[in-house]
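Here is the structure we will look at, set down as structure tokens.
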Amino acid sequence: MNISHLNPQQQYAIRTVDGPLLVLAGAGSGKTTVITHRIAWMLHQNIKAENILAVTFTNKAAREMKERIAKLTSSKIRRKLNIGTFHAFGCKILRFNIRHLGYSQKFGIADEGDQIGLIKQVAQDMGLDKQDHEISFLQSGISNAKNNLQSPEEVRDSGDLSWFKTLAVVYDRYQNLLQSMDLVDFDDLLYLPIRLWRENEEILDRHQLQFRYILVDEYQDTNRLQAEMIRLLAGKNLNICVVGDDDQSIYGWRGAEIKNILNFPDRFIGTQITRLEQNYRSTNTILKAANAVIKYNKDRHNKTLWSDSGHGETVKIITADNETHETKIVVDLLKNSRFETKNSYENMAVLFRSNFQSRLFEIALRKAQIPYRLIGSRSFYERREIRDALAYLKIIHREKDDLSLLRILNVPTRGIGDKTVDKMKLYREQTGKHFLRFIDLTDFLSLLNDSAQEKIKKFMTCYRLALDQFSQNQNLAENIKGYLEKIGYIDGLKKIYKNNDDYESRFENVMELINSAVLLSQNSTEKITLQDFLESYSLAEDPAQTHKKDKTENHGVSLMTVHTAKGTEFPVVIVVGLEQNLFPHERSLADQQIEEERRLFYVAVTRAKTHLFLTRAKTRVKYNTKNHTYPSQFISELPDDAVEFSTLNELFKPAEADDVDAILAQMRKRFA
DNA sequence: GATTTTTTAGTTTTT
DNA sequence: CTAAAAAATC
């Protein structure tokens, strides 16, 4: 295997397979190349694919790694490699071992909506005052506790404040509720494997043996649970390589601990360290801009990124009158860049700080007929009709899933209201049984009046019929479709969404959901089960979108948040909304999180290879009022000789006669 | 118990 | 302004 085209530091990182290794990799320093080549190198050294574990932080990064490794290995070996996010890995561990913790193997994953619903229910049952105990506070309290590996008892004893006592009770009840329905939340996907390993030495031994070679990407973003997972797994083998860059730590708000990377050599004795400082991505002008901004941060290791890819264009800063004007400027920039820099739309990205900003750009790009794809968005999954349809599917997979049953019991309206549900809950409490186990037994039905009895019976008959339907077919997508039709949800859509346009788009979405099952099967060599399908919706960013993308060659312009953009690169990058209180976000200013915000801006800037544009709007509408904005402080932190303030007219000079001739000639050739 | 009207709160970033 | 929750009405 030849790696001589790589620089000495990179080669060292690839060759040092045994023992702990820390790779400090600056932006664009060929980090993913190192990781993928390292994996290929290990395989070349006859290390078995199934003994290699590579974990990342985001779906995007995991996908990138898989795609890049595809170019270096055969698909047969590739399939045996363990590559994925921490959460997906945790899920896999639990799938085979969770019975040791008192859950069923069929466990499901509670998303944020489920979480909030459950906590609300608990708070209500306890009679907590909503003003004093905000749900979001309780939610983050529970999450923090899990991230600190605390049990409810430990939370109770962790402080004198009465709030901790209340939180401990909520936490305890919430966890019991989850477990009774065989549900785990996102934190559990990390927390439970650690518990499993701590409580079962043989299992830990087995996993240590299996995952003998560990690679962690974006190590600066790991939180306490993730670091602990890695520490436990690395065990005595210590064949662990972590890669990261403290300047790109942007997940502090989610509990990421920068000290994980800083203290790595102390935690793992004998750690080898290598630094990747040569940047292969950007022009020196872009690097100069990035370096200058990040220098304002005090809490960092000094690094000097350098590149030999020339000076390049200056960074252009363009000011729009308002946010609509900004989208127009972006559209013009994209069109013009395609012409001037000969880049296709796939090579361009629009980056924003917050998700809500994407909407206006989508509208503008659609109108301008520029192909685009929205990356990392969960908006499809969050649509009501999709969550309803998934709830219908969840109750077949796990009949214990009371949460999903309640969600769809009266969707479309079946005349089953609060009163009946209250009785169901009471009965559940008294007998400890799950809804689907008792709601059409006479023992329970006798508690209801005649009309309510009829309605429940009718629903259950319908459900059983639909359930039969599900095993009719070999094909998952066909089964899903048949089931949703039989149970009356497809027809019900018309009843639920009376506005015809609304109905049609919701119907389309449900069809898309079914179609994503087809695509999932197509992209996999193994048979896809309902469990796989549901899991893909819980853990992946947007299965419907992701799978679709594989089929079409032309993806168009990428729209995404700066957070999702980490690890990517594009020749042309436009960072929008560079206004104080938007980027940097107002809350980060209040909480003194400005350094993390600056790192975020650093990430945004370093995505660009050759052309970087920064835009802002002079006014922006917020809560229905037009507000004046101030330019982002990051703009003033850029060095004068690397940037240029431009207007559209200055940027877009009329085409030279020669160019026009060339284009016309090209067109003629195409038609000839 | 279902449906419509009124009130209120709400925008970081991801798994 | 919009979506969701609460209140009022059917």
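Order of the sequence lines fixes the chain letters, A, B, ..., with proteins taken first and strands second; residue numbering starts at 1 for each chain. On a predicted model such as this, the values are computed, not experimentally measured, just so you know.
- Nucleotide dT14(B) holds its P atom 16 Å from the CG atom of Asp187(A), rounded to whole Å.
- Partners of Phe459(A) by ring-ring contact (aromatic ring centres under 6.0 Å, His included), not counting sequence neighbours: none found.
- Atom CD1 in Ile116(A) sits roughly 12 Å away from atom P in dA4(C) (whole-Å rounding).
- Put simply, CD on Gln115(A) is 15 Å from P on dT15(B), counting in whole angstrom units.
- Spacing between atom CZ of Phe86(A) and atom P of dT15(B) amounts to 13 Å, rounded to whole angstrom units.
- When only modelled atom types and interatomic distance are considered, Asp246(A) and Ser249(A) share no side-chain donor-acceptor pair under 3.5 Å.
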| Pairing annotation in dot-bracket form, given for DNA chain B with Watson-Crick or G-U pairs under 3.5 Å and | for cross-strand partners | ||||||||||.....
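- Listed by chain and number, the residues in a side chain to side chain contact (heavy atoms under 4.5 Å, CB included) with Arg384(A) are Asp388(A), Arg407(A), Tyr497(A), Arg506(A) (sequence neighbours excluded).
- For Tyr489(A), the ring-ring contact (aromatic ring centres under 6.0 Å, His included) test picks out Tyr392(A), with sequence neighbours left out.
- Using a 4.0 Å heavy-atom cutoff across all strands shown, Glu112(A) reaches at least one base atom of the nucleic acid.
- Among the atoms of the strands shown, only primed sugar atoms or phosphate atoms (P, OP1, OP2) are found under 4.0 Å from some heavy atom of Thr420(A).
- Counting heavy atoms from C-beta outward, Leu390(A) and Phe533(A) have side chains that approach closer than 4.5 Å.
- Mapping Glu596(A) and Asn410(A) onto DNA chain B via the closest heavy atom, the residue that lands nearer the 5' end is Asn410(A).
- Remark: Tyr171(A) engages no residue in a ring-ring contact (aromatic ring centres under 6.0 Å, His included) (not counting sequence neighbours).
- Taking side-chain N and O atoms only, Arg587(A) has a distance below 4.0 Å to OP1 or OP2 of dT12(B).
- Taking atom CG on Leu589(A) and atom P on dT12(B), their separation rounds to 13 Å, with Å as the unit.
- Using a 4.0 Å cut-off on heavy atoms, the residues of residues 55-62 of chain A that approach DNA chain B are Phe57(A), Thr58(A), Asn59(A), listed by number.
- Within 4.0 Å of Ile109(A), counting heavy atoms only, lies no atom of the nucleic acid at all.
- In this structure Tyr602(A) satisfies the ring-ring contact (aromatic ring centres under 6.0 Å, His included) test with no other residue, sequence neighbours excluded.
- Around atom NZ of Lys423(A), more than 12 heavy atoms belonging to other residues, nucleotides or ligands sit under 6.0 Å away.
- Using a 4.0 Å cutoff on non-hydrogen atoms, the parts of residues 353-365 of chain A near DNA chain B are Arg353(A), Ser354(A), Asn355(A), Phe356(A), ordered by number.
- Between the P atom of dT14(B) and the OH atom of Tyr381(A) lies a distance of 16 Å, rounded to the nearest Å.
- DNA chain B lies under 4.0 Å from at least one heavy atom of each of the following residues of residues 560-570 of chain A: Thr561(A), His563(A), Thr564(A).
- Residue Leu539(A) has its side chain nearest to dT15(B) when only dT13(B), dT15(B), dT12(B) are considered.
- Considering only residues two or more places apart in sequence or on other chains, Glu454(A) meets the side chain to side chain contact (heavy atoms under 4.5 Å, CB included) condition with Lys457(A).
- Looking at residues two or more places apart in sequence or on another chain, you find a side chain to side chain contact (heavy atoms under 4.5 Å, CB included) between Ala25(A) and Val23(A), Ser29(A), Lys31(A), Val243(A), Leu276(A).
- For Asn59(A), the side chain to side chain contact (heavy atoms under 4.5 Å, CB included) partners are Thr85(A), Glu541(A), not counting sequence neighbours.
- A distance of 13.0 Å separates CZ of Arg387(A) from CG of Leu513(A), quoted to the nearest 0.5 Å.
- With respect to Glu595(A) and Arg300(A), no salt bridge is recorded, no charged nitrogen being found less than 4.0 Å from a carboxylate O.
- For the pair Arg599(A) CZ and dT13(B) C1', the computed distance is 13 Å after rounding to whole Å.
- The interatomic distance linking Ile416(A) (CD1) with dT3(B) (P) rounds to 13 Å, in whole Å.
- Here Tyr251(A) does not pack flat against the base of dT14(B), since the 5.5 angstrom centre distance and 30 degree tilt limits are not both met.
- Note: Leu445(A) CG to Tyr427(A) OH = 9.5 Å, rounded to the nearest 0.5 Å.
- A donor-acceptor pair shorter than 3.5 Å can be found between the side chains of Asn82(A) and Lys92(A).
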